[in-house]
Amino acid sequence: QVQLVESGGGLVQAGGSLRLSCVASGRTSSIYAMGWFRQAPGKEHESVAAINYSGDSTHYADSVKGRFAISRDHAKNTVYLQMKSLKPEDTAVYYCAASGREGTLRYAFEYAYWGQGTQVTVSS
């Protein structure tokens, strides 16, 4: 089993920055792809960013391209989401996900493990 714990969420003004972290524990050797998803009230769960095992391939939702950056540190079993130029529409619960599959995975069904989520609120 794999456990994922997110941190770094909070309240920030529009234009500000936050960095989310997700630490994996347990059978971390089984983790290949990782990703970040978000869900805002009344909206669908959506993929925000994804990264492959080596970190040399990433994918971003069009809505966050140029503002968000995903990265990972294998030594720390951690994946990050650096968020800049935040907008009120970025307000959501952000979830970290991990998969035993390789690649930049964009769909929730491709991930087997999920964190509990961290709230990001962007005020206007």
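The chain is numbered in sequence order, starting from 1. Please read all numbers here as calculations on a predicted model, not as lab measurements.
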Q: Evaluate side-chain contact (heavy atoms from CB on, under 4.5 Å) for V2 paired with I31, printing each intermediate quantity in order.
A: CA-CA 8 Å; V2 172; I31 296 173; 3.6 Å; yes
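- Residues G8 and L18 come closest through the heavy atom pair O-CD2, 3.8 Å.
- Residues F68 and L86 meet the side-chain proximity criterion, which asks for heavy atoms closer than 4.5 Å.
- Connection of M83 to W36 is established within a shared hydrophobic cluster, with ILVMFWY side chains joined at heavy-atom distances below 4.5 Å, either directly or through further cluster members.
- A donor-acceptor pair under 3.5 Å is absent between the side-chain atoms of N52 and the main chain of T104, judged by distance alone.
- Using a 4.5 Å cut-off between side-chain heavy atoms of Ile, Leu, Val, Met, Phe, Trp and Tyr, with links allowed through other members, Y95 and Y113 fall into different hydrophobic clusters.
- Between K65 and D62 there is a salt bridge, since a side-chain N of the basic residue sits under 4.0 Å from a carboxylate O of the acidic one.
- A donor-acceptor distance shorter than 3.5 angstrom exists from the side chain of T78 to the backbone of K76, with no hydrogens or angles considered.
- Here the straight-line distance linking atom CG of L81 with atom CZ of F37 works out to 12.0 Å at 0.5 Å rounding.
- Classified by interplanar angle (parallel below 30°, tilted 30° to 60°, perpendicular above 60°), the ring pair Y53/H74 is tilted.
- Checked by atom type and distance alone, the side chain of Q39 never pairs as donor or acceptor with a backbone atom of E44 at under 3.5 Å.
- Summarising the geometry, atom OG belonging to S123 is positioned 5.0 Å from atom CG belonging to L11; distances are rounded to the nearest 0.5 Å.
- Judged by the 6.0 Å distance and 45° axis criteria, R19 is positioned over the aromatic ring of Y80.
- Not one N or O on the side chain of S17 forms a donor-acceptor pair closer than 3.5 Å with the backbone of K84.
- Counting heavy-atom neighbours within 6.0 Å of Y107 OH, excluding the residue itself, gives a total of 12 or less.
- The side-chain heavy atoms of E6 and S21, taken from C-beta on, include no pair separated by under 4.5 Å.
- Under a 3.5 Å cut-off, the side chain of H45 and the backbone N or O of A40 do not form any donor-acceptor pair.
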Q: Could you check V79 against S71 for side-chain contact (heavy atoms from CB on, under 4.5 Å), going step by step and ending with a plain yes or no?
A: CA-CA 6 Å; V79 65; S71 61; over 6 Å; no
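- In terms of modelled atom types and a separation under 3.5 Å, the side chain of Y111 and the main chain of L105 share a donor-acceptor contact.
- Here M34 contributes atom CE and T58 contributes atom OG1; the two are 15.0 Å apart, rounded to the nearest 0.5 Å.
- Counting heavy atoms from C-beta outward, T118 and V93 have side chains that stay 4.5 Å or more apart.
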**Q.** Worked check of side-chain hydrogen bond (donor to acceptor under 3.5 Å, both in side chains) between Y32 and R101
**A.** CA-CA 6 Å; Y32 286 83; R101 299 173 59 177; over 6 Å; no
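- Smallest separation of non-hydrogen atoms from R38 and S63: NH2-OG, 3.4 Å.
- Other residues, nucleotides and ligands contribute at most 12 non-hydrogen atoms within 6.0 Å of the CZ atom of R106.
- No side-chain donor-acceptor contact under 3.5 Å links R72 to the backbone of G55.
- In this structure, SG in C22 is found 11.0 Å from CH2 in W114, a value given to the nearest 0.5 Å.
- Between the side chain of T91 and the backbone N or O of P88 there is at least one donor-acceptor pair closer than 3.5 Å.
- Taken to the nearest 0.5 Å, the CG atom of L20 stands 8.0 Å off from the OG atom of S7.
- For the atom pair CD1 (I51) and NE2 (H59), the distance works out to 13.0 Å, reported to the nearest 0.5 Å.
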